[in-house]
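So the structure is just underneath, and the comments pick up after that.
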Amino acid sequence: MKSNTLRLKNKKGMTLLELTVVILVLLSLISILFIGARAWKRGSDRAASILQIRNVQQAVRSYSNMNAKNAGDTVATLQTEVFGSGKFIEIDPTAVGAKPHPAGTTYSYTIAAPTVIPNIGVLYMKTTGGTDFADFNPKDADIKDW
């Protein structure tokens with residue numbers, strides 16, 4: 001009898017319960033990784049969208065400063081003066097066939113008044129589409145000096 005108990009004590013390996021616990025821990029860690037990656041992707045898409053909007057805003061301000069235009073002035077060719085080859089921004093993000101919005105094809109950029117130079121604190125271009133498009137636009141407190 002003594003020899004049987006010695007053999008059982010020296011047996012190496014994992015029990016089925018230990019293996020199940022290890023698998024559950026690994027699956028939990030993987031699920032946390034996917035949730036974190038999804039949140040990181042959404043945050044980077046939001047940052048890219050806001051950066052694009054800010055670049056367009058700065059391009060419109062630069063055009064108005066260089067051409068002695070004031071906020072509220074109407075310029076019939078404003079959009080073509082800002083967007084295009086050799087202009088302030090090479091590719092118009094609102095054009096058909098332009099690079100899609102960072103958050104996907106359900107979102108897009110739109111310009112409400114393409115011929116009017118916006119007042120300070122008013123955006124020239126915004127994100128539209130999708131159910132939560134407001135998340136991809138800068139907050140009002142952030143644009144007071146744009």
Side-chain angles (χ1 to χ4, degrees), residues 1-66 69 71-72 75 77-146:
M1 278 236 193
K2 232 179 187 185
S3 62
N4 281 347
T5 57
L6 286 177
R7 268 191 275 157
L8 288 176
K9 287 182 180 177
N10 291 333
K11 189 174 181 181
K12 295 181 180 179
M14 295 177 70
T15 66
L16 187 58
L17 181 62
E18 291 170 331
L19 186 61
T20 304
V21 169
V22 168
I23 290 172
L24 287 175
V25 168
L26 288 175
L27 288 175
S28 299
L29 291 173
I30 290 171
S31 67
I32 290 170
L33 177 71
F34 279 121
I35 291 169
R38 191 176 307 127
W40 176 82
K41 172 78 169 97
R42 182 167 175 76
S44 66
D45 290 345
R46 182 178 186 279
S49 177
I50 292 172
L51 183 65
Q52 181 71 29
I53 292 169
R54 183 177 174 100
N55 288 342
V56 169
Q57 193 77 7
Q58 288 177 341
V60 170
R61 293 282 171 243
S62 295
Y63 171 81
S64 67
N65 289 337
M66 290 173 67
K69 302 291 182 186
V75 179
T77 59
L78 180 60
Q79 196 166 355
T80 56
E81 293 292 330
V82 173
F83 302 112
S85 181
K87 305 286 175 90
F88 294 95
I89 296 180
E90 291 286 320
I91 299 171
D92 183 353
T94 64
V96 175
K99 186 178 174 186
H101 192 278
T105 55
T106 57
Y107 299 91
S108 62
Y109 295 111
T110 58
I111 300 172
T115 60
V116 177
I117 296 175
N119 290 321
I120 302 294
V122 176
L123 293 176
Y124 181 70
M125 181 177 80
K126 291 185 178 182
T127 297
T128 57
T131 56
D132 55 352
F133 66 90
D135 287 348
F136 294 98
N137 288 314
K139 305 295 181 225
D140 290 337
D142 296 335
I143 62 169
K144 62 185 171 194
D145 60 345
W146 285 12

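In this text the structure is predicted, and so the values were computed from the model without any measurement.
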Step-by-step side-chain contact (heavy atoms from CB on, under 4.5 Å) determination, Val75 to Lys69: CA-CA 9 Å; Val75 179; Lys69 302 291 182 186; 4.2 Å; yes
Working for side-chain contact (heavy atoms from CB on, under 4.5 Å), residues Leu29 and Leu33: CA-CA 6 Å; Leu29 291 173; Leu33 177 71; over 6 Å; no
Residue pair Thr106, Phe133: steps toward the side-chain contact (heavy atoms from CB on, under 4.5 Å) verdict: CA-CA 9 Å; Thr106 57; Phe133 66 90; over 6 Å; no
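In this structure, the side chain of Thr15 engages the main chain of Glu18 through a donor-acceptor pair within 3.5 Å. At least one donor-acceptor pair under 3.5 Å links the side chain of Gln57 to the backbone N or O of Val122.
No more than 12 heavy-atom neighbours from other residues, nucleotides or ligands sit within 6.0 angstrom of CE on Met66. Taking a 6.0 Å sphere around CG of Leu19, one finds it holds more than 12 heavy atoms contributed by other residues, nucleotides or ligands. The local environment of CG in Leu16 is sparse, with at most 12 non-hydrogen atoms from other residues, nucleotides or ligands closer than 6.0 Å. Within a 6.0 Å radius of CG in Asp140, no more than 12 heavy atoms belonging to other residues, nucleotides or ligands are found. Atom NZ of Lys144 is surrounded by 12 or fewer heavy atoms from other residues, nucleotides or ligands within 6.0 Å.
Between Trp146 and Arg61, the closest heavy-atom pair is O-NE, 3.1 Å. Across Pro93 and Met125, no two heavy atoms sit closer than the pair CG-SD, 3.7 Å. Smallest separation of non-hydrogen atoms from Pro118 and Ala71: O-CB, 3.5 Å. Taking every heavy atom of both residues into account, Val82 and Ala59 meet most closely at CG1-CB, 3.7 Å. Across all their heavy atoms, Ser62 and Phe88 have their closest contact at CB-CE2, 3.6 Å. The nearest pair of heavy atoms linking Pro102 to Ala48 is CG-CB, 3.6 Å.
Interatomic distance, OH of Tyr124 versus CD1 of Ile53, reported as 13.5 Å (0.5 Å rounding). The structure places CG of Leu26 at 11.0 Å from OG of Ser31, a figure rounded to the nearest 0.5 Å. To the nearest 0.5 Å, atom CG of residue Leu123 and atom OH of residue Tyr109 are 12.0 Å apart. Going from atom CD1 of Ile89 over to atom OH of Tyr63 covers 14.5 Å, rounded to the nearest 0.5 Å. Rounding to the nearest 0.5 Å places CG of Asn137 at 11.5 Å from CG of Asp142. In this structure, CD1 in Ile35 is found 12.5 Å from CD1 in Ile30, a value given to the nearest 0.5 Å.
Ring geometry for Phe136 against His101 counts as perpendicular: the plane angle is over 60°, on a 0 to 90° scale with 30° as the lower cut.
Remark: Asp45 engages Lys41 in a salt bridge, criterion side-chain N to carboxylate O under 4.0 Å.
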